[in-house]
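Beneath this line is the structure, given in structure tokens, with notes to follow.
We name chains A, B, ... by the order of the sequence lines, and we start the count at 1 in each one. Values below: every heavy atom of this structure, side chains too, minus hydrogens, waters and symmetry copies.
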Number of protein chains: 2
Amino acid sequence: MQPEETKVDTEERIIMAALVVFARKGKDGARMQEIANEAGINKAMLHYYFRSKDKLYEAVFRHVFTRFSAQHATAVKESPTFAKTLKLFINGFIDSIKEKPDIVRLMVNENLSGGTALGNMIVEKQHEKAPPSILKRKLEQAIKNGEIRPVDPDHTLLTILSCCLFFFIWAPTIHIKIPKSKDWDAFIESRKEHIFDMVYNGLQPQ
Amino acid sequence: MQPEETKVDTEERIIMAALVVFARKGKDGARMQEIANEAGINKAMLHYYFRSKDKLYEAVFRHVFTRFSAQHATAVKESPTFAKTLKLFINGFIDSIKEKPDIVRLMVNENLSGGTALGNMIVEKQHEKAPPSILKRKLEQAIKNGEIRPVDPDHTLLTILSCCLFFFIWAPTIHIKIPKSKDWDAFIESRKEHIFDMVYNGLQPQ
DNA sequence: GTCTATATCTCGATAGAC
DNA sequence: GTCTATCGAGATATAGAC
């Protein structure tokens, strides 16, 4: 095997393993040994590839933002009607979270610890082409068209994001309180429909 | 000063300080030294009052559940119409979170690390008289009355909780993305209104 | 690039003076 | 009850053989 490929593969494996652990325990709570185990490699390798724990954490963040914000973007396509756009956004957004829920958990940890260092990255990377920005523009447009009633776009977008993200964050409690969520895939599908139903209906003129 | 009063006061001070740090860093990420600093006391005192870090964490959880779930409960009163009940729930719920947002953050950390030990407490303490349970019953009632359209009560309750809780969890990011949220109190008030508006309208027959 | 062994440091916890 | 000093486990990080 070529050294180049090996390096890329190992780096990727480490970052993915680190994402899992950082997401569960936070930056300070995470243990390098645990990350090494998760990656199926030696603890010393972590320091060989990423000098320190801090650098590794930063690398994970950078990777998450560049790689997955692009993947996100493809999930949301422009559509003729607002209803269609909304449905595509909700489905695409939830699907991409479902695939890598640890990304949300990482972001939550960062928000909880008030991470200002990487807060800057949020500003940099969540640009005009990001799905939330697209949806916000579509919202403003639909209000002008009279397609939906006049609402605050910021609050509305925040409401939609809340509905799509919160149940991933709160999952263990939900499993206890809502028995039918034990079938997680089915629950997610029903959740998609509920969110669209509630939001779209909530945006209709009275 | 009497030893008894001192003891109670110090215990309370420690628990409140521990809540802040545990909420920000999680159980594993929190440092006893940081908690001691926050409480304005010595590190050794923590072990004098609560044998170990584990016991302290457990004490914080127990305290939060007993003290604040009661306070929560008073916020939600029974009301004649569903609209009134919904508005009281949203306002009361958000107000009680606003007063101690660290409680939500603590719960989030527990959910992220998949805390099963204290997950049991959630089941124990969030009983029939808890505000969410009350609202769920009201929802089912209002559907039967034809006051609102038929929706899944579990999903609807989850949607409402998402809207009321998520913006506290995501606050640092929101401060960046939504400039007007810099005036946090005003933002919270506008959020209350938006949530009621969206949810209530979303529940109306088409 | 990968491993073992080890240095260095930090944290939770305790001992003991006051 | 409150403090200082310190122990011992466990963490990050490095050295050096292969």
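- Minimum atom distance to the side chain of A:R31 is reached by D:dT12, of the listed D:dT2, D:dT12, C:dG1.
- Atoms CZ (B:F50) and C1' (D:dG1) sit 14 Å apart, rounded to a whole Å.
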Donor-acceptor pairs under 3.5 Å, side chain of residues 16-31 of chain A to any protein atom, not counting sequence neighbours: which ones?
{"from": "A:R24", "atom 1": "NH2", "to": "A:E34", "atom 2": "OE2", "distance (Å)": "3.4"}
{"from": "A:K25", "atom 1": "NZ", "to": "A:E34", "atom 2": "OE1", "distance (Å)": "3.4"}
{"from": "A:K27", "atom 1": "NZ", "to": "A:D54", "atom 2": "OD1", "distance (Å)": "3.0"}
{"from": "A:R31", "atom 1": "NH1", "to": "A:D28", "atom 2": "O", "distance (Å)": "3.4"}

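- Near DNA chain D, defined here as any heavy-atom distance below 4.0 Å, the residues from residues 39-47 of chain A are A:K43, A:A44, A:H47, listed numerically.
- Side-chain contact of B:H194 with A:T159: a donor-acceptor pair under 3.5 Å is present, judged by distance alone.
- For the pair A:K53 NZ and C:dC11 P, the interatomic distance rounds to 10 Å; values are reported in whole Å.
- Atom NZ of A:K25 is separated from atom C1' of D:dA11 by 13 Å (rounded to the nearest Å).
- Shown here for A:C163 and A:R191, the closest heavy-atom pair between the two residues is O-NE, 3.6 Å.
- Note: A:F196 and A:Y200 have parallel aromatic rings, judged against thresholds of 30 and 60 degrees for the angle between ring planes.
- Of the candidate nucleotides D:dA11, C:dT2, C:dA13, C:dT2 has the atom lying nearest to any side-chain atom of A:T10.
- Residue A:Y49 contributes atom OH, which lies 17 Å from atom C1' of D:dT14 at whole-angstrom precision.
- Distance, A:I35 CD1 to D:dA11 P: 12 Å, rounded to whole Å.
- The aromatic rings of B:F187 and A:H155 lie parallel to each other, with less than 30° between the two planes, well short of the 60° mark.
- No contact: A:A36 has no heavy atom under 4.0 Å from any strand.
- When rounded to the nearest whole Å, the span between CG of B:D9 and P of D:dG1 equals 11 Å.
- For A:M32 and C:dC9, the CE to C1' distance is 15 Å, given to the nearest whole Å.
- Under the rule for a side-chain hydrogen bond (donor to acceptor under 3.5 Å, both in side chains), the partners of B:N37 that lie at least two apart in sequence or sit in another chain are B:Q33.
- Here the P atom of nucleotide C:dT4 and the CD atom of A:Q33 are 11 Å apart, to the nearest Å.
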